[in-house]
Amino acid sequence: MSVQAPGYIRAIAPYQPGKPISELARELGLAESEIVKLASNENPLGMPESAKQAMLKEISELGRYPDGNGFALKQAVVNKYDVPMGWVTLGNGSNDILELAARAFLAPGDQVIYAQHSFAVYALATQAVGAQAIVVPAKDLGHDLPAMLAAITPQTRMVFVANPNNPTGTFVTHQEVEAFLSAVPAHVVVVLDEAYNEYLPPELRFDSVGWVKRFPNLILSRTMSKAYGLAGLRVGFAVAQPALTDLLNRVRQPFNVNSLAQAAAVAAIQDQDFLQRSFELNRTELDRMQAAFAGLGLRYVPSFANFVLVQVGQDDEAGMRVFNGLLKLGVIVRPVNNYGLPRWLRISVGLPEENSRFLEALKQVL
Ligand SMILES: *Cc1c(COP(=O)(O)O)cnc(C)c1O
């Protein structure tokens, strides 16, 4: 007899990551430096120098296990967000936080709600524990929070909300989120995924950490992979009240965040200068990219993050066609068929010269 796996595991469609630069360079016979990758919403400035220095200092300690409690990094989160240390959970990327939440709070058959066209990991985390996904249709490609609220039943245990959302770049205002949180029944855990929070313009920022103090069923998820520039190290964190935090930590691997990652994250989270430069570069280049799309007569979703979703054709092959055309020119972007968006592509905002190369290539392909 062959090995057995539950049907809900066999049904999982694997996550499709952005194509690696090294892979395309091999295929085209080009140097890696000639490839432009705008496919994974990474920080085009790379990692902060402060984080690099912190890692170099840490390297001689790698014979030892990491601090399983992540004291220094939690302290940095506490200082920045003014929450008690017992409210912080560290993750191997915020992907880990999403999975910890699913493992801690869901049993097979429980219902989980998330929006159509929202982040792919919600489906993966839900399916991995045998829970039942309830996918609520998007409104204007974004979250329809009133409809998500209406979808809650006595069997619902969790709702995932991405704000801003990936891959659409849409944003729901703090008034809408607050009204939603106030109305969600106490038996439902809300995971509010704010991976792109640092890219919001100042007038749209709001005190989501403050909500954690008011709503005992809220888990706030943040990442160091995007604006903080540490995607390769895998660091994220959750902020939630102690009862939820305690449960998240029961299913957490004891050493889930490695020593180099902890050291780098402590430095990066305090590096206000790097964060500001990342924000400003993104604002300028996002505006330029969106203006270029408008100039080409392309429909796009006005973005609140560090990427933009653009419609590249009127037929369901358009996304893959243009994606493949760009690849031949050494430009990697992200197809989003797996999100039910086959006419669209998601483009991460890069350095000015990278965006220019992408825009030139796009004109050529179209
Ligand atoms: C990129 C992303 C994450 C997580 O990334 P990690 O690198 O695992 O921290 C989480 N949520 C959304 C919506 C994202 O786009």
Side-chain angles (χ1 to χ4, degrees), residues 14-18 20 37-44 46-47 51 70 73 77 88-103 112 114-126 128 135 138 141-143 158-172 177 190-200 208 219-239 248 252-253 256-258 260-262 264-265 268-269 278 282 286 301 303-309 333-336 338-339 341 346-349:
Y15 183 80
Q16 298 172 2
K37 184 186 175 203
L38 302 175
S40 299
N41 303 344
E42 295 144 339
N43 191 326
M47 70 185 230
L73 179 50
V77 173
V88 182
T89 305
L90 301 182
N92 186 237
S94 62
N95 194 132
D96 192 24
I97 297 295
L98 304 174
E99 289 188 17
L100 294 179
R103 287 217 300 281
V112 177
Y114 51 83
Q116 181 190 22
H117 313 311
S118 66
F119 188 44
V121 169
Y122 308 151
L124 292 172
T126 299
V135 183
L141 292 168
H143 285 57
M158 186 167 287
V159 184
F160 286 106
V161 175
N163 202 35
N165 182 45
N166 173 15
T168 60
T170 51
F171 176 70
V172 275
V177 177
V190 178
V191 179
L192 182 57
D193 178 355
E194 298 189 319
Y196 301 96
N197 176 273
E198 294 81 6
Y199 289 111
L200 289 173
S208 50
I219 298 174
L220 201 66
S221 174
R222 294 285 184 95
T223 183
M224 304 295 294
S225 299
K226 308 285 160 59
Y228 288 105
L230 300 182
L233 282 171
R234 317 302 304 125
V235 192
F237 59 91
V239 181
L248 288 174
R252 184 179 66 81
Q253 276 186 42
N256 64 333
V257 183
N258 71 70
L260 292 182
Q262 289 188 33
I269 209 167
S278 303
N282 186 65
L286 178 63
V301 182
S303 173
F304 293 85
N306 67 341
F307 56 86
V308 53
L309 190 70
V333 299
R334 192 66 157 266
V336 278
N338 57 324
Y339 284 97
L341 298 164
R346 191 195 69 190
I347 321 296
S348 305
V349 175

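Whatever order the structure lists them in is the order used to number ligands and atoms, beginning at 1.
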Out of F307, F237, F119, Y196, indicate the one that has the non-hydrogen atom closest to atom 15 (O) of ligand 1. Y196
Output the list of atoms in ligand 1 that are nearer than 4.0 Å to some heavy atom of G93, sorted by atom number. 8 (O), 9 (O)
First locate atom CD1 of I97, then atom CZ of R252, and finally report the distance between them rounded to the nearest 0.5 Å. 9.0 Å
Are any of the N/O atoms on N92, whether in the backbone or the side chain, positioned under 3.5 angstrom from an N/O atom of ligand 1? no
Protein heavy-atom partner closest to atom 4 (C) of ligand 1 - residue, atom, separation in Å: S94 OG, 3.0 Å
Side chain, backbone, both or neither: A195 near ligand 1, heavy atoms under 4.0 Å: side chain
Which of the numbered atoms in ligand 1 are under 4.0 angstrom from any heavy atom belonging to N166? 13 (C), 14 (C), 15 (O)
When rounded to the nearest 0.5 Å, the distance separating CG of L200 from OG of S208 is 9.0 Å
What atoms of ligand 1 come closer than 4.0 angstrom to any heavy atom of S225? 6 (P), 7 (O), 9 (O)
Below 3.5 Å, N or O to N or O, backbone or side chain included: is there any such pair between T223 and ligand 1? yes
How far is atom 11 (N) of ligand 1 from the closest protein heavy atom, and which atom is that? D193 OD2, 2.6 Å
How far is atom 8 (O) of ligand 1 from the closest protein heavy atom, and which atom is that? R234 NH2, 2.7 Å
Measure the OG1-CG distance between T170 and L309 for me, rounded to the nearest 0.5 Å. 9.0 Å
In terms of side-chain geometry, is the basic nitrogen of K226 or E42 positioned less than 4.0 Å from the acidic oxygen of its partner? no
Please tell me whether R346 and S40 have a donor and an acceptor in their side chains that are separated by less than 3.5 angstrom. no
Is there a donor-acceptor pair under 3.5 Å between the side chain of T126 and the backbone N or O of Y122? yes
Specify side chain, backbone, both or neither for N95, according to which of its non-hydrogen atoms lie closer than 4.0 Å to ligand 1. both
Could you tell me whether some N/O pair between K226 and ligand 1 is separated by less than 3.5 angstrom? yes
Let me confirm one number: the CG-CD distance from N256 to E99, rounded to the nearest 0.5 Å. 11.5 Å
Is any side-chain heavy atom of Y15 less than 4.5 Å from a side-chain heavy atom of L124? yes
